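Heads up, the thing below is written out as structure tokens.
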Protein chains: 2
Amino acid sequence: MTKRDELIQTAFKLFYMNGVHSVGINQILSEAGIAKKTLYSHFASKEALLEAVIAYRDERFQTWLFGLMNSTSSAPAAIAAMFQGLDDWFNDRVETLMPFQGCFFVKVNGEFFQHRVNELCHAHKQAILDYTQMRLSETYSAEQAAQLANQVVLLKEGAIAQAYLGHDHHAAKLAGSMALALLPTP
Amino acid sequence: MTKRDELIQTAFKLFYMNGVHSVGINQILSEAGIAKKTLYSHFASKEALLEAVIAYRDERFQTWLFGLMNSTSSAPAAIAAMFQGLDDWFNDRVETLMPFQGCFFVKVNGEFFQHRVNELCHAHKQAILDYTQMRLSETYSAEQAAQLANQVVLLKEGAIAQAYLGHDHHAAKLAGSMALALLPTP
DNA sequence: TTAAAAGTAGACAGATCGGTCTACCCCTGA
DNA sequence: TCAGGGGTAGACCGATCTGTCTACTTTTAA
């Protein structure tokens, strides 16, 4: 693994736990065991590092989630796989993601205002909405798929929030049963 | 209004928009037009100010939400009032709350780790869950009320997340219809 | 009236921040 | 062999942060 990747992963871990503005460059460097000049040869600034961290997490999360949902044949099975995956995530049974600390993008988004970072965080959520709608449109009409996708991602976000700030480790199961009950069985 | 309250309100506005760690004491003071010594005569530290801000927002939000839900007779009407209120909030029709910027407690919670602030934010969410369950237990059995309350607050959190990061101004209407569909009509 | 309480303005201290820079080291490939 | 790319260690700079302090003014209440 390159020094660049080590920096990104260490920065992600610290940002995810403590927030972006609470973590200093020197803390990332000492944790990663990397010199300051190396960081600034790969990234122009702390903000550029943050953007790379966001892209890294976005890729990781989408690969994981869409991987789960792709290995299903029907739309309801894809939705079930999504919430089964969330349940695994909330209860730290997913190695590829870090120990559950809520949604990274929600956290980071909350620390910025009218900023490029906000757009990047929104884009992550939009990508998941789009994919979900695409999967649902294989089985349902376009209008139905759009409506159902909004409902499903709303349940997904609610489950993440309840699991994290609500301390509810079963939120994914609850949301999953609610989601499946929404899907018409033709 | 006392200087103390002016400080709390100004700090809330800035923390809510930009995050806690992005906002300095001097910014709060110049915005409020208050001297630094006055701040430190009312609060021992920035963190003490933050705790007062959290308590202020907690009181404001609960008074607003429970006020809406108390002026209803049936449990389904209380749930409907909750999501009608959320819709007003998301679309900036509530003067007592500030212009919608997501959930303050979710934002603040994300900036701290294993910290007293996390407990305060959790307590706010727990209070809303408890009240919701209490209202539902007037009509439904204890088990049913507990289950329904978890579902309702999950939908509420999902709606807030979708309205903010998902840019979906209709999230409250969607979540409200989903919530009402869950309530058995005996 | 007058003394205490509460407020203002802002200099200041000490720490920490992001970012630059020097000096040195180690490995690799032409 | 040796030049150069990539790395380390960390001093250093200017800015900014929280919090303290002095000196002065305004408000308040006995």
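No experiment lies behind these values; they were computed from the predicted model shown. In what follows, chains are A, B, ... by sequence order, proteins preceding strands, each numbered from 1.
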Separation of D/dG7 P from A/L39 CG (nearest whole Å): 11 Å
B/F90 ring center near B/H169 ring center (under 6.0 Å): no
Between B/F61 and B/F105, ring centroids under 6.0 Å: no
Cation-pi, A/Y16 ring and A/R57 (6.0 angstrom, 45 degrees): yes
Distance test, side-chain N/O of B/T38 to OP1/OP2 of C/dT8, below 4.0 Å: yes
Under-4.0 Å side-chain N/O to phosphate OP1/OP2 contact, A/H42 with D/dG7: yes
Rounded distance in Å - CG (A/L29) to C1' (D/dT8): 11 Å
So which protein N/O to nucleotides 16-20 of chain D N/O distances come out below 3.5 Å?
from	atom 1	to	atom 2	distance (Å)
D/dT18	OP1	B/K46	NZ	3.0
D/dT18	OP2	B/I25	N	2.7
D/dG19	OP2	B/Y40	OH	3.0
D/dG19	OP2	B/K46	N	2.7
D/dG19	N7	B/K36	NZ	3.3
D/dG19	O6	B/K36	NZ	2.6

Within the 6.0 Å centroid threshold, strictly below: B/F15 and B/H21: no
d(NZ, A/K3; P, D/dG6) in whole Å: 14 Å
Sugar-phosphate, base or nothing in reach of A/I34, heavy atoms under 4.0 Å: sugar-phosphate
A/Q9 to A/R60 - nearest heavy-atom pair and separation: NE2-NH2, 4.3 Å
Pairwise side chain to side chain donor-acceptor pair (under 3.5 Å) hits with a residue in residues 28-40 of chain B, at least two apart: B/N26-B/K36
